[in-house]
*Asks:* 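Please read through the structure below; I'll follow up with questions.
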Amino acid sequence: MVGETARVAPALTRQDFVSDQDVRWCPGCGDYAILAQVQKVLPELGIPRENFVFVSGIGCASRLPYYVNTYGFHTIHGRAPAIATGIKSYRPDLQVWVITGDGDALSIGGNHLIHSLRRNVDMKILLFNNRIYGLTTGQYSPTSEFGKKTKSTPFGSIDYPLNPISLALGAEATFVARTIDSDTQSLSSVLRSAAHHKGSAFVEIFQNCVIFNDDAFKEVTDRQLRSDNMIQLEHGKPLIFGKNRDKGIRVKDWKPEIVTLGQNGITEADLVVHDEHSADPTYAFFLSRLESPEFPVPLGVFRSVEKETQDQLLEHQIKAAQEKMGIGKLEALLGSGDTWFIKGDTK
Amino acid sequence: MKKQVEEKQDVVIRFAGDSGDGMQLTGMQFTTTTATMGNDLSTFPDYPAEIRAPAGSLAGVSGFQINFSTRDIRTPGDAPNVLVAMNPAALKANIKDLEEGGMLIVNIDAFTDGNLKKASYAANPLNDGSLNRYEVYHLPITTLNTNSVQGTSLSKKEIDRCKNFYALGLMFWLYERPLEITTQWIHKKFKGEIAAANEMALKAGYHYGETAELFKKHYRVPSAKLAPGKYRNITGNEATAIGFVAASQLCGKPLLYASYPITPASDILHELSRHKNFGVKTLQMEDEIAAAGAALGASFSGGLGLTGTSGPGLALKAETIGLAIMAELPMVIIDVQRGGPSTGLPTKTEQADLLQAMYGRNSESPLAIVAPSTPSDCFAMAIEACRIALEYMTPVIYLSDGYLANGSEPWLLPTIDSLPKIKISHPTDAATFKPYLRDEKTLARPWAIPGTPGLEHRIGGLEKENITGNVSYDPKNHELMIHLRAEKIARIAQSIPDAKVFGKEEGELLVLGWGGTYGAITSAVEEMQKRGHSVSSLHLRYLNPFPRNLLKVLNSFEKILIPELNLGQLAFLLRGLYSIPVKSLTKVQGQPFKVKEIINGIEEILKTRKVETWSEKRLASPQH
Ligand code: SF4
């Protein structure tokens with residue numbers, strides 16, 4: 001349930017969430033598609049427009065708040081989750097969205113990301129992963145492939161990339177999902193689920209940077225290739241993929257294995273059944289390790305579990321303190337501790 | 001036989017021992033009782049950065065000094081009249097400060113060969129004549145304490161831990177103080193046998209003084225003639241925390257304090273965490289940067305966002321403060337300064353972050369700076385910091401220091417009506433709202449907060465177009481905005497009181513100070529005035545902008561001396577701003593000024609013909 005309903009929201013449309021600013025991403029950038037889906041999903045949530053806050057860091061993705069007609073704060077590199085934590089802590093009535101990129105969230109802001117996830121701060125974090133630094137004109141990022149040649153790595157990157165989903169799960173995020181800019185349906189469905197999640201919702205969005213890293217996600221965006229290279233996660237359904245939906249994932253010796261249905265007596269019953277509500281993140285972590293090219297890339301919701309949120313815990317403590325000690329009175333506070341009187345000459 | 005009583009005006013005692021000996025606690029207990037007896041007092045805790053440095057080592061010596069008096073006093077005292085040394089290391093580290101002929105009480109049980117060696121004593125100072133200049137009392141405190149704690153099943157170690165109460169009891173007798181407050185405290189703090197043992201030790205120490213032949217007399221320090229009213233003893237950090245709670249009440253906004261543990265600022269976080277019933281939200285964030293970010297986030301959403309730290313943390317917060325300047329949001333950043341650079345001297349005091357506060361950010365990024373002058377003044381200046389931040393929509397740096405933070409003094413509680421009112425308004429009219437349309441008088445921009453229908457807008461770190469707040473790269477607009485931001489900070493001066501001169505408003509010498517040096521400077525100037533010199537002082541609590549009358553006051557004196565616990569940062573600012581010759585008196589030892597040091601500085605400048613300007617000096621000595 002979305003709790004942020006201060007007043008009865010008038011029926012809103014996509015247009016209500018379009019700001020008067022010209023959008024300034026490169027033509028063909030994947031960010032456009034994401035912006036469009038965000039603007040489509042927001043009016044569906046039944047939250048008054050004034051109760052949304054979009055917070056971002058620095059990078060191409062982080063310009064998004066300027067284009068959404070809600071309250072917005074374009075902050076500093078990597079710090080959006082920290083600033084958003086302050087907003088949500090102070091104003092639990094607001095719905096807070098954090099817009100970030102792979103450099104912003106995973107490099108300079110890595111610390112804030114993991115700690116806001118572990119605290120289960122109730123905010124939606126959209127990480128636009130294009131595996132490159134776009135705004136600084138093309139250096140490798142923490143998600144760039146090993147050996148990648150970029151402006152700053154003419155001989156190839158010697159840094160091992162990190163997997164954002166594994167990181168979020170390791171940080172105990174209560175909602176973790178992955179989607180793609182070009183898949184409108186998956187994108188809007190994941191955004192909707194994230195919006196409805198109470199707690200930290202972490203969404204990795206594969207985003208194409210046409211200028212500096214075009215086609216970085218070709219294997220999952222190309223119509224010819226994608227069905228063989230991705231698994232659409234559906235809660236309660238077995239992990240099946242492939243053009244003919246005849247391939248699946250099973251576990252053997254604690255390891256994933258690709259099998260073909262109908263071969264060697266394999267049936268759906270042998271496959272892993274997706275459970276996004278599993279309390280233990282081990283399964284979701286296992287899923288997150290399915291990486292191309294060895295395995296199809298899972299898309300959809302990896303994990304979605306309930307846990308008291310940071311703002312709820314904070315409010316509860318305050319309420320409990322007020323019940324126990326009474327609402328604070330300034331006079332009593334000033335005079336707390338050992339006090340004494342000095343008598344004056346009564347004239 | 002009743003012992004003789006001698007009356008004294010003021011006494012400075014220093015308790016010194018191993019970090020594990022409970023000297024801070026002993027000092028604090030002596031302070032509480034002394035405060036409630038109506039003496040004026042000032043305290044100075046001085047402890048090592050290591051929680052438990054090796055027992056008996058010089059590095060592990062912890063000290064607590066208290067100056068208490070029948071008169072109005074302002075400092076913890078230059079030199080102790082009495083030193084209580086619980087071991088050789090404590091003696092070695094502190095004896096140089098004890099006044100000539102001062103009283104020295106030593107725990108001779110701790111003067112073992114091992115401990116003497118740890119304190120680097122070649123010979124036992126207790127019998128080599130090196131202490132002949134003092135009135136020395138050799139007391140086997142450990143043994144006396146063990147003998148006094150009877151009929152308990154506590155271990156020897158636990159019993160030994162009571163010995164600070166034994167020493168405290170003795171000092172209570174020596175200065176005619178009652179035991180009740182400490183006894184009550186013991187029973188609140190400890191339970192069962194430990195409480196009983198501590199109480200026994202305290203009483204035994206007291207009775208020892210009364211009965212032992214060793215002490216021929218004891219002392220009475222009558223209460224001071226303080227202004228009538230209700231008092232409490234307060235440290236700077238406590239006053240800071242309470243001041244912020246008060247500011248939150250006065251402006252009607254709950255406060256959010258985000259911080260990361262750092263000495264000597266952590267006590268503010270501890271204190272505020274206790275006041276949840278005031279709606280106070282405290283966040284211990286993952287780092288200094290996040291703490292600043294969370295505070296700014298609270299401000300963005302319409303709150304009173306505060307963050308607290310010390311110098312190293314202020315460096316990390318610089319980027320967020322820059323954003324607060326650009327976004328023009330209210331925010332208070334507390335810097336409890338300590339010795340630096342880098343990790344420096346975590347538990348020692350210094351005033352060397354003034355220029356960092358003033359300029360430690362990229363580009364032209366002015367903000368307001370205030371600095372409390374005494375532990376209790378922290379309360380008033382905390383409120384002022386919030387008032388300025390909220391009225392002018394700006395970050396404000398509140399510069400305290402380790403000396404103010406941990407030092408304490410009696411505080412005459414203000415009445416609630418006497419506190420300033422802080423008015424805040426948030427726009428609601430969509431037809432007239434423009435994010436950067438400024439108030440004519442203050443130049444503050446309107447603070448439209450999320451949740452207000454129709455005022456949805458975006459702000460951020462990119463340069464703003466004047467009035468609309470839209471992103472703008474226009475060269476002329478940028479220049480205009482730089483000037484507007486500077487002008488807004490300058491206009492804060494219209495809302496701050498004139499600085500008050502202590503002494504005559506014109507004359508030969510003005511001693512100008514800021515922050516925690518107030519007590520030492522004022523005492524020194526008062527002394528020089530008594531000796532008939534034409535000396536006045538001015539203490540700045542507002543450092544950016546300065547009070548409007550500052551230049552006028554500076555021009556009313558022939559010479560200006562600026563004592564600072566840095567290499568002359570305020571002096572640097574004034575030379576730059578007003579092109580006036582000033583002389584610096586600097587000290588960077590991690591210790592506050594002694595009154596004597598300032599008196600010496602004053603005597604010296606009074607002897608010189610005139611204060612030279614920088615360039616004159618450079619001409620005179622080319623090697624500079
Ligand atoms: S540089 Fe890449 S990510 Fe940035 S706007 Fe252009 S296409 Fe998009």
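As the structure is a computational prediction, the values presented were derived from the model and not from experiment. In what follows, chains carry the letters A, B, and so on, assigned in the order in which the sequence lines appear, proteins first and then strands, with residues in each chain numbered from 1.
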*Asks:* Keeping A:S107 on the side-chain end and A:D104 on the backbone end, is there a donor-acceptor pair under 3.5 Å?
*Replies:*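 The answer is no, because no donor-acceptor pair under 3.5 Å joins these two groups.
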*Asks:* What part of A:S336 gets within 4.5 angstrom of chain B, counting heavy atoms only: side chain, backbone, both, or neither?
*Replies:*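 Backbone plus side chain of A:S336, per the 4.5 Å heavy-atom cut-off to chain B.
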*Asks:* Measure B:L323 against the heavy atoms of chain A and call it side chain, backbone, both or neither at under 4.5 Å.
*Replies:*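 Looking at B:L323, just its side chain touches chain A.
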*Asks:* Non-hydrogen atoms of chain A under 4.5 Å away: do they reach the side chain of B:A246, the backbone, both or neither?
*Replies:*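 Interface part for B:A246: both.
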*Asks:* In terms of heavy-atom pairs under 4.5 Å with chain B, which of A:A320, A:P81, A:G326, A:G78 leads?
*Replies:*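 Greatest number of close heavy-atom pairs with chain B: A:G326.
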*Asks:* Could you look at B:Y231 and say if it's the side chain, the backbone, both or neither that has a heavy atom under 4.5 Å from chain A?
*Replies:*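 Answer is both: backbone and side chain atoms of B:Y231 are under 4.5 Å from chain A.
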*Asks:* Regarding A:T309 and A:D311, is there a side-chain donor-to-acceptor distance under 3.5 Å anywhere?
*Replies:*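 There is such a pair (donor and acceptor under 3.5 Å, judged by atom type) between the side chains of A:T309 and A:D311.
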*Asks:* Looking at A:N111, A:I327, A:D338, which one has more heavy-atom pairs under 4.5 Å with chain B than the rest?
*Replies:*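 The residue among A:N111, A:I327, A:D338 with the greatest pair count is A:N111.
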*Asks:* Are side-chain N/O atoms of A:D102 and A:S141 paired as donor and acceptor at under 3.5 Å?
*Replies:*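 Their side chains do contain a donor-acceptor pair, which is all the 3.5 Å distance test asks for.
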*Asks:* Between A:V68, A:V55, A:N69, A:V53, which residue shows the highest count of heavy-atom pairs closer than 4.5 Å to chain B?
*Replies:*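 Of the candidates given, the most pairs with chain B belong to A:N69.
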*Asks:* Please check if the distance between the ring centroids of B:F30 and B:F68 is under 6.0 Å.
*Replies:*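 So the answer is yes for these two rings.
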*Asks:* Under 30°, 30 to 60°, or over 60°: which ring-plane class applies to B:W411 and B:F379, parallel, tilted or perpendicular?
*Replies:*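 Aromatic pair B:W411/B:F379 classed tilted.
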*Asks:* Would you please say whether a donor-acceptor pair under 3.5 Å links the side chains of A:Q21 and B:N470?
*Replies:*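 Judged by distance alone, the side chains do pair up.
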*Asks:* Answer with side chain, backbone, both or neither: which region of B:I234 has an atom nearer than 4.5 Å to a non-hydrogen atom of chain A?
*Replies:*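 Neither; nothing under 4.5 Å.
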*Asks:* Sub-3.5 Å donor-acceptor pair from the side chain of B:K464 to the main-chain atoms of B:L462, do we have one?
*Replies:*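 Here the side-chain-to-backbone pair exists.
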*Asks:* Report which part of A:R119 has an atom under 4.5 Å of a heavy atom belonging to chain B: side chain, backbone, both, or neither.
*Replies:*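 Interface part for A:R119: side chain.
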*Asks:* Answer with side chain, backbone, both or neither: which region of B:L329 has an atom nearer than 4.5 Å to a non-hydrogen atom of chain A?
*Replies:*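 Just the side chain, heavy atoms under 4.5 Å.
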*Asks:* Looking only at the side chains, is there a donor atom on one of B:H275 and B:E271 sitting less than 3.5 Å from an acceptor on the other?
*Replies:*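 A donor-acceptor contact under 3.5 Å links the two side chains.
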*Asks:* Identify which part of B:W185 has an atom lying under 4.5 Å from any heavy atom of chain A, answering side chain, backbone, both or neither.
*Replies:*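 Answer is neither: B:W185 stays 4.5 Å or more from chain A.
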*Asks:* Strictly by modelled atom types, are B:S408 and B:T43 linked by a side-chain donor-acceptor pair under 3.5 Å?
*Replies:*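 Yes, because at least one side-chain N or O of B:S408 sits under 3.5 Å from a partner of the opposite role on B:T43.
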*Asks:* What is the ring orientation for A:W97 with A:F54, classed by angle as parallel under 30°, tilted 30 to 60°, or perpendicular over 60°?
*Replies:*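 Judged by the thresholds at 30° and 60°, the geometry between A:W97 and A:F54 is parallel.
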*Asks:* Which residue out of A:T70, A:L314, A:I58, A:D20 racks up the most heavy-atom pairs below 4.5 Å with chain B?
*Replies:*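 Highest number of heavy-atom pairs under 4.5 Å: A:T70.
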*Asks:* Verify, without hydrogens or angle tests, whether B:R445 (side chain) and B:P435 (backbone) share a donor-acceptor contact under 3.5 angstrom.
*Replies:*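 Between the backbone of B:P435 and the side chain of B:R445 there is a qualifying donor-acceptor contact (under 3.5 Å).
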*Asks:* Quick check on B:L455 against chain A: is it the side chain, the backbone, both or neither that has a heavy atom closer than 4.5 Å?
*Replies:*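 For B:L455, the contact with chain A is made by backbone and side chain together.
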*Asks:* Under 4.5 Å heavy-atom distance to chain B, tell me which part of A:K329 shows up: side chain, backbone, both or neither.
*Replies:*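 Answer is backbone: N, CA, C or O of A:K329 sit under 4.5 Å from chain B.
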*Asks:* Please identify, among A:L330, A:T75, A:I114, A:T85, the residue contributing the most non-hydrogen atom pairs under 4.5 Å to chain B.
*Replies:*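 So the answer, after comparing A:L330, A:T75, A:I114, A:T85, is A:L330.
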*Asks:* Will you find, in the side chains of B:T307 and B:K317, an N or O donor that is under 3.5 Å from an N or O acceptor?
*Replies:*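 Their side chains do contain a donor-acceptor pair, which is all the 3.5 Å distance test asks for.
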*Asks:* Could you check whether the rings of A:F175 and A:H197 sit parallel, tilted or perpendicular, using 30° and 60° as the cut-offs?
*Replies:*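 Geometry flag for A:H197 against A:F175: tilted rings.
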*Asks:* Have B:T34 and B:R177 got a donor and an acceptor in their side chains that come within less than 3.5 Å?
*Replies:*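 Checked: B:T34/B:R177 side chains pair up, N/O donor to acceptor below 3.5 Å.
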*Asks:* With a 4.5 angstrom heavy-atom cut-off, which part of B:A227 approaches chain A: side chain, backbone, both or neither?
*Replies:*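 Just its backbone gets close to chain A.
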*Asks:* With respect to chain A, which residue among B:A448, B:G303, B:A258, B:S248 yields the maximal number of heavy-atom pairs within a distance under 4.5 Å?
*Replies:*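 Most heavy-atom pairs within the cutoff with chain A belong to B:G303.
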*Asks:* With a 4.5 angstrom heavy-atom cut-off, which part of A:E323 approaches chain B: side chain, backbone, both or neither?
*Replies:*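 Neither the backbone nor the side chain of A:E323 comes within 4.5 Å of chain B.
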*Asks:* Between B:T36 and chain A, which part of the residue has a heavy atom less than 4.5 Å away: side chain, backbone, both or neither?
*Replies:*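 It is both, since atoms from each part get that close.
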*Asks:* What part of B:L413 gets within 4.5 angstrom of chain A, counting heavy atoms only: side chain, backbone, both, or neither?
*Replies:*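 Only the side chain of B:L413 comes within 4.5 Å of chain A.
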*Asks:* Please identify, among A:P65, A:A84, A:G337, A:S89, the residue contributing the most non-hydrogen atom pairs under 4.5 Å to chain B.
*Replies:*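 Maximum pair count with chain B is reached by A:S89.
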*Asks:* Select one option (side chain, backbone, both, neither) describing which atoms of B:E319 are under 4.5 Å from chain A's heavy atoms.
*Replies:*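 Both parts, backbone and side chain.
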*Asks:* Checking B:T415 against chain A: side chain, backbone, both or neither under 4.5 Å from a heavy atom?
*Replies:*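 For B:T415, no heavy atom lies under 4.5 Å from chain A.
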